[in-house]
Amino acid sequence: MQFLDEWLVSSVEALLPGVALAALRKESAPGPVSLWETVVHRKLLADEQVLAAVATRFRFPIADTSRIDARVIQAVPEQLARRFNVVPVGQTDSYLEIATANPFDIDAEKALAFATGREVRMLLASPSRIKAKIDELYHAGEEIVSRLLAGIGEDMEVKELTEEDDELAGASAEEASQRPIIRLVDMMLADGVVSRASDIHVEPIEGGVVVRYRIDGVLRQVMKIPRNAGIPLISRIKIMSGLDIADRLRPQDGRSRVSVNGEAVDLRVSTLPASLGEKVVIRILSQRATVLNLVALGMHQDEQDAVTRLLTNKEGIILVTGPTGSGKTTTLYSALRMVQNEGVNIVTVEDPVEYRLGENIVQVQVHDKAGLTFASALRSILRQDPDVVLIGEIRDQETAQIALQASLTGHLVLSTLHTNDAPNAVTRLVDMGMEPYKIASALRGVIAQRLMRRLCRVCTQPTEEPPTERVARFVPSGTRLFRGVGCPECAMTGYRGRFSILEVLTMNSDLERRIGQGATADQIATAARSNGMRSLFDSGLRHVLAGESSLEELLRVTDVPLEEAEAPAPRERSSGRAPAGSAPPPVPPSIPVATTPGVSLDFAESLELVDEPPAADGAVAAGRGAGTCVLLVEDEDQLRRVMKDLLERDGYTVAEARDGVQALDQVDRFAPDLIILDLNLPGLDGYSVLTQLRSRPATRAIPVMVLTAKADEDNEVRVFELGAADFITKPFRARALSARLEAVLGRHRA
């Protein structure tokens, strides 16, 4: 008979009685057996004797398994530990110490090195001691999990569904003995559904894993699990959603479908590698908990009427905007319910398909790996003669182009876009490369949306606290405000349930003309408000004054509008001359300048601005700069401040930006007459900003003066090829800068 550890024969042969080894070889066995375990089991030798003999002969160190840190077991998965009968005893950033009874197992060494990314060092231990330690370490979490489960009711039933099981979603799950980790995942999902959670967040922390539920848009911690139980919990979630449990270094997305107490629930699972492990977010999509109609969304009657009027259009594009989790998809689905009937061909393209909408609606799931993208699916859909097309999200230029074209050729297109408010949806499409005149003719309306929490009906009480100074001017005198004090019904939060607040921009001839001419977001907003559009703040405030929510919740969801005196007025392109008798234009709000300790603000004298003519008694020079707005794009705070002072003394109105992205936002906001642009900017550099300005019709004609320390000829030629009006190198002189700025403006006006 051959032994699994044949290498051990030479070490123990001298310790065994004369014929003992030969007798063992003559015995028959169904397969190879371990010599070490056999001689110990038959009491021919003790573990300590074999251990000492091997350590002496091969000079292997003996492992101390009595002081293993439980955190070390996270380095080696349980499957590998049992397969090779090893147990980790220590680790550093570069190597892993393994206790093994077979230090010559090359396969084990390679597999462990590959799985852990560390050099493997073998230490000796007996087979029986290793098995006992594996059971002790890898099952320690089950006792903890069992204690966690003790506080969760046993009356909730969870069953994993396959596609074939969908029709049997209401059937009872068969009772089966499950390990505590599996039961913990099932109970966590069931508890999340019962608690009305929209998301379950499983987040690694130092020494453990935290589980949080997002209820009514706010995260709430529900349990903390030790690390040796939390890692198997994450693996169980990944198995349920069809993800690779061995791949912990890349983000993954999956889906699953379960039945909780007979109710079918869709789960969207997303994993993200983090410094302390993987974070998992489970999005819960329960059709029973979501009522798809506009009335259930909690809109005011005039908002419902505005949305309904938009849906009466037979062609064009309607956009719903807002951040992730603001209810955009639910609103779109509710809109589809209004136009759904047997005579209308409705097709959706989604990633993922969140709810199954039933008859007369065909839903298409995007599959990027198979080549089924939003753009490719949309092309095919348009050949299917649809009446209404829903696009889950406009993410890129190609999708936007096809959607716009479809809306101009007799289709009603519904989609979502990530912008902060309704007017900025137009500038976002322009940034994607869409022509303003096409947007103007295709767009029918934009709905910006947020979700506010509703006060709990059980514990709501009037509040005597006066509103804060920020919002006091919006609350009529004598209005009773309410707050939730907290009760078991609302989990002591004071809120239960949510409703929508909307900003509905409806197109008219004036808006169409302005958008076609490349108007900024502020100009679009002003025109839309004159057409009856209410802001998100106004919509939420009406709910607060009606006692449905609180001022604190309103301020959590929306921003307080600027006072009229603070708000920069939208400005038409200036001719450079102020009307006779008019006051100078208001200075745009400047970006706070961060000062460095120990650095004087007067350090800019070294930038050769020494010949700057002083203004008499600090008075602002009148004349050449009046009525002209200059956007100053410079990432050095001190230099930007000095240049701003210089320009304001000449009478210019100055807007500021620290980086390229902020510069493009400020261009849309202030519509400057001239831009002074540094090339070396964080994030989006000056070359990219100049390219984008020249690619957009609304900004193509704005003169740009490039200001840079890169004074080489190639760089100068490049910026002129990109469309710059002038090229100035640092350091520069103040009067020279003023003269060149006037020259550029003069050429532009001419």
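Computed from a prediction, not measured in an experiment: that's the story for all the values here. Just so you know, residue 1 is the first one in the sequence shown, and it goes up from there.
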Partner set under side chain to side chain contact (heavy atoms under 4.5 Å, CB included) for [X], not counting sequence neighbours:
| X | answer |
| --- | --- |
| Val717 | Glu713, Glu721 |
| Ala375 | Thr373, Arg379, Glu398, Thr399, Ile402 |
| Glu203 | His201, Arg212, Lys279 |
| Thr691 | Leu722 |

Using side-chain hydrogen bond (donor to acceptor under 3.5 Å, both in side chains) as the criterion, list what pairs up with [X], not counting sequence neighbours.
| X | answer |
| --- | --- |
| Thr271 | none |
| Glu435 | none |
| Arg450 | none |
| Asp216 | Arg196 |

Checking side-chain polar atoms at under 3.5 Å, does Thr331 have a donor or acceptor matched by the opposite partner on Gln449?
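Yes.
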Regarding Asp685 and Ser688, do their side chains bring together a donor and an acceptor under 3.5 Å, going by distance alone?
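Yes, Ser688 and Asp685 have a side-chain donor paired with an acceptor closer than 3.5 Å.
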Identify the two heavy atoms, one from [X] and one from [Y], that lie closest to each other, and give their separation to 0.1 Å.
| X | Y | value |
| --- | --- | --- |
| Val413 | Ala406 | CG2-CB, 4.1 Å |
| Arg696 | Asp431 | NH1-OD1, 3.0 Å |
| Ala403 | Ile317 | CB-CD1, 4.4 Å |
| Val719 | Glu716 | CG2-O, 3.2 Å |
| Leu511 | Ala528 | CD2-N, 4.0 Å |
| Ile439 | Val430 | CD1-CG2, 3.7 Å |

How long is the gap from [atom1] on [X] to [atom2] on [Y], to the nearest 0.5 Å?
| X | Y | atom1 | atom2 | answer |
| --- | --- | --- | --- | --- |
| Asn424 | Asp668 | CG | CG | 7.5 Å |
| Thr329 | Glu393 | OG1 | CD | 9.0 Å |
| Arg453 | Arg498 | CZ | CZ | 9.5 Å |
| Met533 | Thr526 | CE | OG1 | 8.5 Å |

Would the distance check show the side chain of [X] and the main-chain N or O of [Y] forming a donor-acceptor pair, the cut-off being under 3.5 Å?
| X | Y | result |
| --- | --- | --- |
| Asp387 | Asn345 | yes |
| Arg694 | Arg700 | yes |
| Lys644 | Val654 | no |
| Asp659 | Gln662 | yes |
| Ser539 | Leu536 | no |
| Asp421 | Glu503 | no |
| Gln523 | Thr520 | yes |

4.5 Å side-chain heavy-atom contact, [X] and [Y]:
| X | Y | value |
| --- | --- | --- |
| Arg640 | Glu636 | no |
| Gln401 | Lys438 | yes |
| Val339 | Ile346 | yes |
| Val667 | Val689 | no |
| Ile237 | Ile200 | no |
| Val630 | Thr653 | no |
| Ser198 | Arg283 | no |
| Asp673 | Tyr652 | no |

Holding to ring pair (Phe, Tyr, Trp, His ring centres under 6.0 Å), I want the full list of residues that pass it with Phe537, two or more places apart in sequence or in another chain.
Phe474
Could you pull out all residues at least two apart from Phe499 that satisfy ring pair (Phe, Tyr, Trp, His ring centres under 6.0 Å)?
His543
Dump the intermediate steps for side chain to side chain donor-acceptor pair (under 3.5 Å) on Asn508 and Asn531, then the final yes or no.
CA-CA 8 Å; Asn508 61 8; Asn531 190 38; 3.2 Å; yes
Is there a side-chain contact (heavy atoms from CB on, under 4.5 Å) between Leu414 and Ile391 once you walk through the steps?
CA-CA 6 Å; Leu414 310 178; Ile391 307 170; over 6 Å; no
Applying side-chain contact (heavy atoms from CB on, under 4.5 Å) to Val661 and Leu664, what does each step give before you reach the verdict?
CA-CA 5 Å; Val661 175; Leu664 294 175; over 6 Å; no
Could you point out which residue of Asp635, Asp678, Asp637 forms a side-chain hydrogen bond (donor to acceptor under 3.5 Å, both in side chains) with Arg658?
Asp637
Decide side-chain contact (heavy atoms from CB on, under 4.5 Å) for Val704 and Thr699; before the verdict, give the C-alpha distance in whole Å, the side-chain angles of both, and the deciding distance to 0.1 Å.
CA-CA 10 Å; Val704 178; Thr699 59; over 6 Å; no
Taking salt bridge (Lys or Arg N to Asp or Glu O under 4.0 Å) as the test, write out the residues that go with Arg513, two or more places apart.
Asp510
Establish, for the pair Arg718 and Tyr687, whether the NZ or CZ atom is under 6.0 angstrom from the six-membered ring centre and no further than 45 degrees off its axis.
yes
Mind listing the side-chain donor-acceptor pairs of residues 245-254 below 3.5 Å, one per line with the distance, residues two or more places apart or on another chain?
unit_1, atom_1, unit_2, atom_2, d
Asp247, OD1, Leu249, N, 3.3
Asp247, OD2, Arg250, NE, 2.7
Asp247, OD2, Arg250, NH2, 2.7
Gln252, OE1, Asp244, N, 3.0
Gln252, NE2, Asp244, O, 3.1
Gln252, NE2, Asp247, O, 3.0
Asp253, OD1, Ser270, OG, 3.3

Pair Glu278, Lys238 - check salt bridge (Lys or Arg N to Asp or Glu O under 4.0 Å), show working.
CA-CA 11 Å; Glu278 285 183 290; Lys238 293 173 74 174; 3.0 Å; yes
Is it true that Arg444 and Glu315 make a salt bridge, defined as a side-chain N closer than 4.0 Å to a carboxylate O?
yes
Do Leu505 and Ile524 pass the side-chain contact (heavy atoms from CB on, under 4.5 Å) test, and can you show the C-alpha distance, the side-chain angles, and the key distance before you say yes or no?
CA-CA 10 Å; Leu505 183 154; Ile524 295 171; 4.0 Å; yes
